[in-house]
2 protein chains.
Amino acid sequence: MTQATRRERGRAATDRDIRQQARTLLVADGPQAVTLRAIARELGITAPALYRYYTSREDLIEHLRQDICADLGTDLGGDLAEVDEADHLGQVLAVCRGFRAWALAHPQEFAMVFASPAEPGQHCPVGAQRAGRDVAVDSFGRIFLTVAGRVLANGFQLAQADAEVPAQLVADMENFRDDLLAAMAESGVQVPPEYLGTGTAYVILQFWVRLYGQVALEVFGQFPYPVSDCEPLFESMLTGLVRDAGLL
Amino acid sequence: MTQATRRERGRAATDRDIRQQARTLLVADGPQAVTLRAIARELGITAPALYRYYTSREDLIEHLRQDICADLGTDLGGDLAEVDEADHLGQVLAVCRGFRAWALAHPQEFAMVFASPAEPGQHCPVGAQRAGRDVAVDSFGRIFLTVAGRVLANGFQLAQADAEVPAQLVADMENFRDDLLAAMAESGVQVPPEYLGTGTAYVILQFWVRLYGQVALEVFGQFPYPVSDCEPLFESMLTGLVRDAGLL
DNA sequence: GGGCTCGGTAAACAGCGTTTACAAGGGAGT
DNA sequence: ACTCCCTTGTAAACGCTGTTTACCGAGCCC
């Protein structure tokens with residue numbers, strides 16, 4: 001079973017401990033509290049020992065980001081599993097609600113993954129990037145795309161035809177559509193290419209813009225007035241969203 | 001003219017220098033580079049001297065946030081001034097494009113102001129909060145609301161009637177509408193209350209959600225595929241936005 | 001068993017926010 | 001003009017941080 005030698009198992013174990021402890025500090029006291037010394041202290045080791053696992057604090061943070069994405073992915077997978085397989089609209093709603101719930105429950109993680117100024121050449125975590133083998137990063141995006149794929153595979157016709165896509169965007173949308181098809185195929189969802197035109201890709205993109213905007217505004221408290229209860233606001237937005245996407 | 005004593009003038013001058021230097025460091029090397037010691041070093045003083053002006057680093061950062069909001073407000077004011085006073089659609093477009101341009105040109109500031117996990121009870125900077133006299137914080141929000149006010153004052157009928165607002169949201173929307181009316185009145189824009197129903201407030205809110213989502217996604221590089229050129233994507237979204245808002 | 005690699009430590013360096021005690025100088029009252 | 005205070009700055013120190021270096025011991029392979 002465990003072909004790994006004792007040292008390898010021990011190393012993997014402490015590595016998990018490091019990341020888990022970093023997560024604990026993050027949720028408890030914010031990003032500035034996840035310091036190498038604090039992590040080491042809680043683990044009963046010294047700070048330089050962490051350099052046997054990560055080249056720098058920033059490197060650890062980066063791996064943390066990926067862990068967070070993976071957790072969000074499994075979280076949404078759980079939400080999705082509770083919905084009837086044939087209820088495609090329900091699946092979409094479940095993923096959207098799950099995304100919001102996760103973001104509100106983990107604001108620090110949300111900010112770290114979805115609201116950090118990006119360096120060029122890095123458009124994760126939603127995208128299915130092919131950087132280092134099959135990184136866990138895209139597990140979140142894969143959930144989204146899998147749901148979209150299921151919806152499309154069953155012949156749902158999303159709103160807006162291909163003609164609506166501006167000429168300057170067609171190339172990008174074809175690119176996006178191919179990414180979608182590839183990700184869906186990887187997830188085992190067979191979707192006929194003729195169901196996924198550039199117009200459909202554009203609708204999915206707009207869907208993401210509105211969902212992300214709503215959730216980010218709520219997490220960051222940037223609504224232009226004091227919202228007494230954000231939930232009905234979100235539900236109202238979600239209703240409009242699926243309506244405008246042609247899912248209702 | 002300058003009724004202030006020499007000491008007061010000197011203090012105000014160094015205060016400006018501190019903030020300006022902090023801004024310089026922020027745009028040059030990111031938020032983690034704006035340290036008290038670095039600021040003091042550039043100003044030729046020592047770090048503890050800064051405590052004569054701000055009670056802590058976090059206090060300075062908070063004032064920096066307000067400066068940033070104020071700058072964004074004047075920026076947008078400039079964009080707005082270049083548009084014909086009677087061209088209300090053009091004014092809306094100018095403010096939206098100006099907001100995006102500013103966010104792309106100042107990603108660090110954008111993240112600091114619009115994407116920091118908010119403590120409860122703080123829904124600035126868009127809101128017209130009445131905290132400490134007339135803080136510069138809401139100068140950005142005021143620009144937005146002024147434009148909205150001008151559009152409404154001239155009888156533009158936004159899409160969607162009041163009946164569309166879910167019952168649970170009506171109270172909040174009345175609240176928002178009152179905030180809007182108050183802000184517009186403060187900006188000298190007369191808008192008949194019957195032009196601004198809760199449905200209209202809801203449309204404005206959705207407008208903000210989509211604009212914010214699009215800009216934040218672009219700044220943070222969180223689009224689900226590699227976008228070759230974001231500008232046509234933004235313009236396409238903007239077109240759909242004004243169409244859905246009933247401005248076209 | 002010898003040697004080598006790997007995971008850990010201790011010590012040190014530079015930089016950080018912050019506090020304390022102290023010096024110099026402008027402003028106002030007499 | 002002298003005095004006194006309050007303001008603004010400094011120097012030194014504390015404890016924290018990330019990171020590097022040199023070293024040590026136990027696991028592993030030959």
Side-chain angles (χ1 to χ4, degrees), chain A residues 1-65 67 108 112 116 119, chain B residues 1-65 67 108 112 116 119:
Chain A
M1 197 55 169
T2 62
Q3 191 63 16
T5 153
R6 175 151 82 207
R7 276 226 289 231
E8 281 170 328
R9 276 185 285 110
R11 178 180 178 85
T14 39
D15 187 28
R16 274 194 304 275
D17 288 348
I18 291 171
R19 286 141 95 143
Q20 190 258 346
Q21 189 58 49
R23 288 286 291 275
T24 303
L25 288 169
L26 174 62
V27 304
D29 304 311
Q32 80 291 345
V34 43
T35 75
L36 297 184
R37 291 187 133 101
I39 297 170
R41 206 179 303 133
E42 296 296 317
L43 263 53
I45 60 178
T46 60
L50 298 176
Y51 283 82
R52 302 293 178 189
Y53 297 84
Y54 302 94
T55 67
S56 70
R57 181 192 125 106
E58 200 47 47
D59 184 32
L60 197 168
I61 299 284
E62 183 52 38
H63 283 82
L64 211 58
R65 262 191 266 267
D67 276 18
Q108 306 284 4
M112 183 175 286
S116 300
E119 309 94 83
Chain B
M1 197 54 171
T2 63
Q3 191 62 17
T5 153
R6 175 149 79 202
R7 278 225 288 233
E8 281 170 327
R9 276 185 285 113
R11 178 179 180 84
T14 36
D15 188 27
R16 274 194 304 274
D17 287 350
I18 291 171
R19 285 142 96 144
Q20 190 257 346
Q21 190 56 49
R23 288 287 290 277
T24 302
L25 289 169
L26 175 63
V27 304
D29 305 309
Q32 80 290 345
V34 43
T35 74
L36 297 184
R37 289 187 133 102
I39 297 170
R41 205 179 305 130
E42 296 296 317
L43 265 54
I45 60 177
T46 60
L50 298 176
Y51 284 81
R52 303 291 177 189
Y53 297 85
Y54 301 94
T55 67
S56 70
R57 182 190 124 105
E58 200 47 47
D59 184 33
L60 198 169
I61 299 284
E62 183 52 41
H63 282 82
L64 212 58
R65 264 191 265 266
D67 276 17
Q108 305 286 4
M112 182 175 286
S116 300
E119 310 93 83

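Convention: sequence-line order gives letters A, B, ...; per-chain numbering from 1. Only heavy atoms go into these numbers, but all of them, side chains included; no hydrogens, no water, no symmetry mates.
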For this session: For C:dT20, take OP1 and OP2 only and decide whether either is under 4.0 Å from a side-chain N or O of B:Tyr51.
Result: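 B:Tyr51 to C:dT20 OP1/OP2: no side-chain N or O under 4.0 Å.
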
Exercise. Would you say a side-chain N or O of A:Thr46 is under 4.0 Å from OP1 or OP2 of C:dT9?
Worked result: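 Yes, A:Thr46 has a side-chain N/O under 4.0 Å of OP1/OP2 on C:dT9.
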
To the nearest Å, how far apart are [X] [atom1] and [N] [atom2]?
{"X": "B:Gln32", "N": "D:dT17", "atom1": "CD", "atom2": "C1'", "result": "14 Å"}
{"X": "A:Tyr54", "N": "D:dG18", "atom1": "OH", "atom2": "C1'", "result": "17 Å"}
{"X": "B:Leu50", "N": "D:dG9", "atom1": "CG", "atom2": "P", "result": "9 Å"}
{"X": "B:Glu58", "N": "C:dT18", "atom1": "CD", "atom2": "C1'", "result": "14 Å"}
{"X": "B:Arg57", "N": "D:dC16", "atom1": "CZ", "atom2": "P", "result": "19 Å"}
{"X": "B:Ile61", "N": "C:dT18", "atom1": "CD1", "atom2": "P", "result": "10 Å"}
{"X": "A:Ile45", "N": "D:dA26", "atom1": "CD1", "atom2": "P", "result": "18 Å"}
{"X": "A:Asp17", "N": "C:dG7", "atom1": "CG", "atom2": "P", "result": "14 Å"}

Exercise. Regarding B:Arg19 and B:Tyr53, is there a side-chain donor-to-acceptor distance under 3.5 Å anywhere?
Worked result: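 Note: B:Arg19 and B:Tyr53 side chains miss the donor-acceptor criterion.
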
Problem set entry | Polar contact flag, side-chain donor to acceptor under 3.5 angstrom, A:His63-A:Asp59 |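 Present: a donor and an acceptor within the cut-off.
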
Exercise. Are A:Arg65 and A:Glu58 close enough for a salt bridge, meaning some N to O gap below 4.0 Å?
Worked result: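 Yes, this pair counts.
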
Exercise. Looking at B:Asp15 and B:Arg11, does any basic side-chain N land under 4.0 Å from a carboxylate oxygen?
Worked result: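 Not counted as a salt bridge, because no side-chain N and carboxylate O are separated by less than 4.0 Å.
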
Exercise. Contact class for A:Arg37 (heavy atom, under 4.0 Å): base, sugar-phosphate, or nothing?
Worked result: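 Base, at least one base atom sits under 4.0 Å.
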
Nearest listed nucleotide, side chain of [X], among [options]:
{"X": "B:Arg41", "options": "D:dT8, C:dC16, D:dA11", "result": "C:dC16"}
{"X": "A:Arg11", "options": "C:dT9, C:dG7, D:dA11", "result": "C:dG7"}
{"X": "A:Thr35", "options": "D:dG9, C:dT18, D:dG18", "result": "D:dG18"}
{"X": "A:Ala38", "options": "D:dT17, C:dT18, D:dT19", "result": "D:dT17"}
{"X": "B:Tyr53", "options": "D:dA13, D:dA12, D:dT8", "result": "D:dT8"}

Problem set entry | Any N/O donor-acceptor pair, B:Arg52 side-chain to D:dG9 base, under 3.5 Å |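 Between D:dG9 and B:Arg52, which were checked side chain against base, a qualifying N/O pair under 3.5 Å is present.
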
Problem set entry | Nearest atoms (heavy-atom pairs only) where A:Leu50 meets A:Leu36 |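 Taking every non-hydrogen atom into account, CD1-O, 3.2 Å.
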
